[in-house]
Amino acid sequence: MFVFLFTLLLPVFCLIMAQLQQAGGPEEKEKTTALKDLLSRIDLDELMKKDEPPLEFPDTLEGFEYVFNEMGQLRHIKTGEPFVFNYREDLHRWNQKRYEALGEIITKHVYELLEKECHLQKVYLPVDANEDEPKSFIFMSKDAMTNSDKLLVLIHGTGVVRAGQWARRLIINEDLDSGTQIPYIKRAIKEGYAVIVLNPNENYIELEKDKVPEQQPSPDSSDEPAEKRERRERNPKDTKKRRDFYEKYRNPQKEKETLQVYIRENGSPEEHALYVWDNLISKAPAENVFFVAHSYGGLTFVELMIHREADVKNKVTAVALTDSVHNLWHQEASKTLENGCVSRVTVSD
């Protein structure tokens with residue numbers, strides 16, 4: 001409640017101060033000084049501690065006191081109840097961060113299931129990556145590059161989901177069968193398919209900014225007016241204090257600033273699909289290749305067809321697009337794709 005009221009009142013205080021400063025009289029300056037003094041006395045850190053607990057969460061399901069039961073449903077260890085989002089009332093941001101932390105644990109859990117239950121192998125990308133560069137990965141069945149009959153390729157949508165998932169929300173609120181690709185994978189393997197599971201949202205790694213050397217701009221190359229730069233340099237402490245003050249207001253529990261380092265040739269879902277096609281799928285011996293692409297995965301598949309149309313037509317037998325967001329016109333597809341004349345490829349919504 002304290003933070004909510006402060007959030008509402010701060011813009012009002014700032015507006016009043018700006019108007020008083022413009023007025024310029026002695027009385028107005030005195031009022032401005034009084035308002036500044038009032039704001040300086042507000043201990044934001046203390047307010048935030050009262051309103052929001054630290055953004056520190058467990059790193060295991062057991063730490064969250066949740067477990068997947070025999071039906072694949074996420075349930076509380078003690079109560080047996082489903083996951084509760086509003087763990088703390090009136091703290092939506094904290095609850096959301098808690099939900100995201102749990103989601104990261106579930107992602108790792110699904111990765112383990114792909115390897116232990118589906119017996120898939122993790123393959124790192126780029127395939128020629130050196131030891132130090134950022135890497136992504138996909139999952140493949142052991143016969144993906146030897147099965148000469150059938151190959152199934154799975155592509156999920158955009159957002160927080162990773163390899164093996166269709167929807168994190170369904171995993172948490174429904175069950176593993178509803179939200180993961182595991183039922184598809186198990187059935188495909190049972191019926192003699194090789195399987196490749198793409199990971200199109202794993203596009204970069206994050207490094208803490210304080211661990212990355214910053215390049216300071218050269219004074220000569222700056223477009224900042226000399227007068228403004230001199231004024232800023234005369235009062236560096238005041239400038240930093242003001243910036244830190246508003247940063248606290250904007251982001252009560254300032255999280256670590258990170259730098260995104262993109263993975264070579266896998267920096268977007270479209271790049272990822274193209275890379276896996278060129279380096280693995282196109283080289284697989286399977287005579288019949290089938291795709292299941294969900295949501296943004298459908299757009300990703302269409303992009304693949306645009307860039308490798310002849311190869312895809314020759315190798316892909318059918319593709320199922322589930323709730324796809326592709327648009328042949330906006331994606332500048334060729335006339336053969338727009339007219340549905342795609343040789344052996346069947347598109348199904």
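Because the structure is predicted, anything quoted here is derived from the model rather than measured.
- Counting heavy atoms from C-beta outward, E100 and L55 have side chains that stay 4.5 Å or more apart.
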Using the rule given for side chain to side chain contact (heavy atoms under 4.5 Å, CB included), can you reason through H294 versus D323, listing the C-alpha separation, both sets of side-chain angles and the distance that settles it, and then say yes or no? CA-CA 6 Å; H294 177 66; D323 198 22; 3.8 Å; yes
Below 3.5 Å, can you tabulate the donor-acceptor pairs from side chains in residues 164-171 to any protein atom, sequence neighbours excluded?
from	atom 1	to	atom 2	distance (Å)
Q165	NE2	T107	OG1	3.0
W166	NE1	T180	O	3.4
R168	NH2	E104	OE2	3.4

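- Using modelled atom types, one side-chain atom of H272 and one backbone atom of N199 make a donor-acceptor pair closer than 3.5 Å.
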Determine, step by step, whether D278 and H307 satisfy the side chain to side chain contact (heavy atoms under 4.5 Å, CB included) criterion, reporting the C-alpha distance in whole Å, the side-chain angles of both residues, the deciding distance to 0.1 Å, and the verdict. CA-CA 11 Å; D278 288 344; H307 289 90; over 6 Å; no
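- Summarising the geometry of I196 relative to L151, their closest heavy-atom pair is CG1-CD1, 3.8 Å, with the distance given to 0.1 Å.
- In the hydrophobic cluster analysis, where Ile, Leu, Val, Met, Phe, Trp and Tyr join through side-chain heavy atoms closer than 4.5 angstrom, F83 is grouped apart from I77.
- Between the side chain of N314 and the backbone N or O of A310 there is no donor-acceptor pair closer than 3.5 Å.
- Cluster membership check: F290 shares its hydrophobic cluster with I182, using side-chain heavy-atom separations under 4.5 Å among Ile, Leu, Val, Met, Phe, Trp and Tyr.
- A donor and an acceptor atom, one from each side chain of D175 and S178, are located under 3.5 Å apart.
- Residues F68 and L74 meet the side-chain proximity criterion, which asks for heavy atoms closer than 4.5 Å.
- V84 and V67 are members of different hydrophobic clusters when ILVMFWY side chains are connected at heavy-atom separations under 4.5 Å.
- A cation-pi arrangement is present between R88 and W94 under the rule of less than 6.0 angstrom and at most 45 degrees off the ring axis.
- Taking all atoms of both residues into account, the shortest heavy-atom contact from P126 to P134 is CD-O, 4.1 Å.
- Atom-to-atom distance recorded for D177:CG and Q73:CD is 10.0 Å, nearest 0.5 angstrom.
- With sequence neighbours excluded, the residues forming a salt bridge (charged side-chain N to carboxylate O under 4.0 Å, His left out) with K186 are E117, listed by chain and number.
- Residues I281 and K315 come closest through the heavy atom pair O-CE, 3.0 Å.
- V160 belongs to no multi-residue hydrophobic cluster, having no ILVMFWY side-chain contact under 4.5 Å with any other such residue.
- The distance from atom CD1 of I138 to atom CG of N266, rounded to the nearest 0.5 Å, is 9.0 Å.
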Before giving the answer on ring-ring contact (aromatic ring centres under 6.0 Å, His included), spell out for F85 and H92 the whole-Å C-alpha distance, their side-chain angles and the decisive distance to 0.1 Å. CA-CA 9 Å; F85 178 85; H92 179 81; 5.6 Å; yes
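- V161 and V195 are not part of a single hydrophobic cluster, where members link through side-chain heavy atoms under 4.5 Å apart.
- Every salt bridge (charged side-chain N to carboxylate O under 4.0 Å, His left out) that R162 has, sequence neighbours left out, goes to E202.
- V289 is listed as a side-chain neighbour of V153, based on a closest heavy-atom distance under 4.5 Å.
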Please walk me through it: do K313 and E309 pass salt bridge (Lys or Arg N to Asp or Glu O under 4.0 Å)? CA-CA 6 Å; K313 285 181 181 180; E309 184 174 346; 2.8 Å; yes
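- Counting Ile, Leu, Val, Met, Phe, Trp and Tyr side chains that sit under 4.5 Å apart, directly or through other members, Y296 shares a hydrophobic cluster with L299, V325.
- To the nearest 0.5 Å, atom CD1 of residue I189 and atom OH of residue Y184 are 15.0 Å apart.
- Using a distance-only test at 3.5 Å, with no hydrogens or angles considered, no donor-acceptor pair links the side chain of K97 to the main chain of F57.
- Grouping the Ile, Leu, Val, Met, Phe, Trp and Tyr side chains by contacts below 4.5 angstrom, directly or via other members, places F139 with V292.
- Interatomic distance, F64 CZ to Y99 OH, rounded to the nearest 0.5 Å: 12.0 Å.
- Across every non-hydrogen atom of V319 and L321, the tightest pair is CG2-CD2, 3.6 Å.
- Within a 6.0 Å sphere centred on NZ of K142, heavy atoms belonging to other residues, nucleotides or ligands number 12 at most.
- Closest of all the heavy-atom pairs between L114 and A163 is CD1-O, 3.8 Å.
- Side-chain atoms of Y275 come within 3.5 Å of backbone atoms of V127 as a donor-acceptor pair (strictly under, hydrogens ignored).
- Note that OG1 of T60 and NE2 of H109 are 12.0 Å apart. Values are rounded to the nearest 0.5 Å.
- In this structure, A284 and A144 approach most closely via the heavy-atom pair CB-O, 3.6 Å.
- In this pair, Y66 and H76 present their aromatic rings perpendicular. The plane angle is above 60°, beyond the 30 to 60° band.
- Residues L198 and H156 form no side-chain contact, since every pair of their non-hydrogen atoms from C-beta on lies 4.5 Å or further apart.
- How far CG of N203 is from CD of E271: 8.0 Å, rounded to the nearest 0.5 Å.
- Identified under the salt bridge (charged side-chain N to carboxylate O under 4.0 Å, His left out) test for residues 68-85, with sequence neighbours left out: E65-K78.
- Of the possible donor and acceptor atoms, one in the side chain of N201 sits under 3.5 Å from a partner among the backbone N and O of G159.
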